[in-house]
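The chain is numbered in sequence order, starting from 1. Worth saying up front: this structure is predicted, and the values here are computed from it rather than measured. Quick note: numbers below take in every heavy atom, side chains included, and nothing from hydrogens, waters or symmetry partners.
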Amino acid sequence: MDCASGKFSPAGASICTSCDAGKHSSSSGSSEDICVDCDAGTFSEQGSTTCTICSFGKHLTAASTSCTSCPSGKYIVDDATTASLHANLAACIDCEAGRSNVSPAASYPITCPSGTYASGTPCTDCEAGKFNEFASQGACTTCGPGRYSYTAAAKVESACRNCRPGKFSPDEFRASECEECASGKTAPYPGASSCSLCSPGTSSTGSSDGSCEKCVIGKAASAGFCEDCPLGSYAPGEGFAVCLPCPPNQFPKEDQTGCEVITGYYTDGVEGQSIPIPTGVSETATGMTLEALEILPGYWRTSSTSKEILACLNSIHCKWGVDTTDLCAEGYTGPLCAVCASGFAAVGVGESLTCNVCNTGSEAAVSIAVAIVLLIFTAVLACYLNKGFGEDVQSLLRQRSLASSEAVNSVAQKFEKYQPIIKIIFTYFQVVGSLGFLYGLNFPPIFSTATSIFGGIFSLDFISIMPLGCIAPADFYVKLVVYTALPLILGAILIVWCTILSSSSSPERQNLKVKVFQVFLALTFIVLPSVSVKIFSTFACHTFDGDYGSYLKADFSLDCTTDTHKFYMFYAAFMVFCYPVGIPLMYFLLLYEKRDKLDPGQKDYASSSSEEGALKRALKERTELEEDDSSLRSLGFLYSSYEPRYWC
């Protein structure tokens, strides 16, 4: 009997056996070869009469005995129609990026929504730190360096947050808060992917904005950390990258904010260099600056920025101090404290200047002094003109060769010997006593003291020794006018008087004319040095440093840059021709006119007699000439002290 379809009976068998899986038998029979293999891409179970094609999403197993689902991320779209599309695992097709099979037996993959991704895998949520704004994506977009996100399956970029200032993130995606910048580094702007070193002179302080702050005074930072300045250096301001070394002769302050100079030095405040303490400044203090120099008594300077320390004209004028507006003693003010303050009047000039308080007694003293001076001058003049001092000294000198009295001859010789010396000393101290101060001539201390004392005596500066400032303005300009105009007025009066006397031939009037003219010559001789000094003093100004100005040395209350001073300079220039030029020129012309009578021939007489005999003969003849020529006799003040032979 034949076996049924799907079965076979081997030889000698009493029963039929089912065909093995993967084979089939579609007809009845009994031989074993009736079971045949399934075609490629089909399968059969044991005892099958036909082979079957796998359904969609499945592929044939290696033994062709069954179908199995494609793995995740793969699919087969054929639904048991084409055997070759299910032949093996290779027949499964990979899902496109952003798509995935929902179940192992899916025929078509689905599109992964936004916030997810798929790349050969099921749709997966984006990790924290990533996002997908669109569906069907094979990967999620990272937030990028400098950003982070706590949210998984993020669908929008706004889910990514920038790192706050002071924090950073170098990662492509980050699921947690950004890292803090290390000390000395900063991330000043949002979204930093790294931190940078703080700029020199600054350091991070952990502030919420992540900024670097300047190092405080006394500290510096070159690598992001503010540190105290090392020994011997300082940081004078905020934000220093390196500490500065103290200049020579200086040491740092305790807080290292600057340097202080050692004893005996000061800093100029501009360049910060150490400068030796000049004369007139205290050397006991340390850390002195130009603005805070301690000025010693007897010294002065124009301002707190001045490096020029000047000695006052007199040490009592200036007191100790730091404030340059308060260096003058009571009653003194102005440049070098050489100006009398309001309510005080000047007595003396230069080193001898003192400022006396004005009161009723001062005014009375001035009036009495003026009266005494006028009285003495009038008495001396009247005595000389009316009495001739008993015997005129000049006549005594001219008659010395005829005097028989040994005593008279001795006195005459001594007076003749010392008269030129007295004139020279008188003139010398008048000039040197003032010019040394006005033109900065430096004399030895002893000599300077002597010239100051004798100069005050011989200068006949009566105005300066009286406190005229208590009753009327008495600055240098007033004194200049008085000292130059008054001698001219007196001289004019004497010349007019001589002219009137010349109109008479009376011997008494002629003798009086001679005396009046001799008074005129003596007046010009006496006032010439002192008035000349006054005139030239108009051109002597002291220019101080800075913008303090230029002031007249003879009166520091007067500004040399004013129009008033320019006027008096023109006035003084005119007076130069009247006094230092005019008076010597007058002497020359008067003597030159009488040159033949001044020496009757002493040199010629010396060739035939002794020097002494020639001198006596010449003097005798000149005396005779003087008796006949009153105008020659009136010049005796100029020539009588010199031997006749020197006038040829």
Side-chain angles (χ1 to χ4, degrees), residues 126-133 139-248 250-261 267-274 287 289:
C126 291
E127 304 169 70
K130 298 182 179 181
F131 69 94
N132 257 336
E133 292 186 340
C140 294
T141 303
T142 60
C143 288
R147 309 179 80 188
Y148 72 98
S149 174
Y150 294 123
T151 307
K155 299 180 180 181
V156 291
E157 185 180 6
S158 60
C160 297
R161 303 178 183 180
N162 288 324
C163 294
R164 291 182 299 168
K167 297 186 176 184
F168 75 103
S169 174
D171 306 321
E172 284 293 327
F173 68 95
R174 186 178 185 86
S176 61
E177 180 71 39
C178 300
E179 298 178 33
E180 295 276 355
C181 290
S183 297
K185 294 187 176 182
T186 182
Y189 304 108
S193 61
S194 63
C195 297
S196 58
L197 278 175
C198 290
S199 60
T202 63
S203 176
S204 61
T205 58
S207 58
S208 59
D209 61 0
S211 62
C212 295
E213 296 183 357
K214 292 181 179 180
C215 296
V216 299
I217 299 175
K219 294 188 176 185
S222 58
F225 297 95
C226 293
E227 298 177 339
D228 291 335
C229 291
L231 185 65
S233 62
Y234 71 105
E238 295 182 343
F240 268 68
V242 294
C243 295
L244 306 177
C246 286
Q250 296 187 34
F251 61 93
K253 297 179 180 178
E254 186 175 350
D255 57 3
Q256 293 183 304
T257 60
C259 295
E260 294 181 338
V261 292
T267 56
D268 61 9
V270 178
E271 300 176 356
Q273 299 301 311
S274 304
T289 62

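Residue Ile217 comes nearest to Ala235 through the heavy atom pair CG2-O, 3.2 Å, listed as atom of the first residue, atom of the second, then distance. The minimum heavy-atom distance linking Ser149 with Ala128 is given by the pair O-CB, 3.5 Å. Nearest approach of Cys178 to Ser169, heavy atoms of both residues: SG-CB, 3.9 Å.
For the pair Pro236/Leu244, a side-chain contact is recorded, criterion being any heavy-atom separation below 4.5 Å from C-beta on. Considering only heavy atoms from C-beta on, Phe225 comes within 4.5 Å of Ser183 through its side chain. Residues Thr267 and Gln250 are in side-chain contact: their nearest non-hydrogen atoms beyond the backbone lie under 4.5 Å apart. Proximity of Thr186 to Cys195: side-chain heavy atoms (C-beta onward) are nowhere separated by under 4.5 Å. At a threshold of 4.5 Å between non-hydrogen side-chain atoms, the residues Ser193 and Pro170 do not count as touching. Looking at heavy atoms from C-beta onward, Ser199 lies out of side-chain contact with Cys212 at the 4.5 angstrom threshold. Cys246 has its side chain out of reach of Phe251: every pair of non-hydrogen atoms, C-beta onward, lies at least 4.5 Å apart.
Rounding to the nearest 0.5 Å places CZ of Phe173 at 11.5 Å from SG of Cys160. Between the OG atom in Ser203 and the CD atom in Glu213 there is a gap of 9.0 Å [rounded to 0.5 Å]. Rounding to the nearest 0.5 angstrom, the gap separating the CG atom in Leu231 from the SG atom in Cys243 is 11.5 Å. To the nearest 0.5 Å, the span separating NZ on Lys214 from SG on Cys226 amounts to 11.5 Å. With rounding to the nearest 0.5 Å, the separation of CG in Asn162 from OH in Tyr189 is 14.5 Å.
One finds no salt bridge joining Lys253 and Glu260 here, because no Lys/Arg side-chain nitrogen approaches an Asp/Glu carboxylate oxygen to under 4.0 Å. Residues Lys167 and Glu179 are not paired through a salt bridge, judged by the lack of any N-O separation under 4.0 Å between the basic side chain and the carboxylate. In summary, Lys130 and Glu172 do not engage in a salt bridge, as defined by a charged side-chain N under 4.0 Å from a carboxylate O.
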Set out, in order, the CA-CA distance, both residues' side-chain angles and the distance that settles salt bridge (Lys or Arg N to Asp or Glu O under 4.0 Å) for Lys219 and Glu238, then state yes or no.
CA-CA 8 Å; Lys219 294 188 176 185; Glu238 295 182 343; over 6 Å; no
Give the C-alpha distance, both sets of side-chain angles, the deciding distance and a yes or no for side chain to side chain contact (heavy atoms under 4.5 Å, CB included) between Cys126 and Phe131.
CA-CA 6 Å; Cys126 291; Phe131 69 94; 5.7 Å; no
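Applying the salt bridge (charged side-chain N to carboxylate O under 4.0 Å, His left out) criterion to Arg147, with sequence neighbours excluded, gives Glu157.
Under a 3.5 Å cut-off, the side chain of Ser274 and the backbone N or O of Pro248 do form a donor-acceptor pair. Of the possible donor and acceptor atoms, none in the side chain of Asp171 sits under 3.5 Å from a partner among the backbone N and O of Gly144. The main-chain N or O of Gly184 is found under 3.5 Å from a side-chain atom of Ser204 such that the two form a donor-acceptor pair.
Each ring pair (Phe, Tyr, Trp, His ring centres under 6.0 Å) pair with one or both residues in residues 142-167, not counting sequence neighbours, appears once here: Tyr148-Tyr150.
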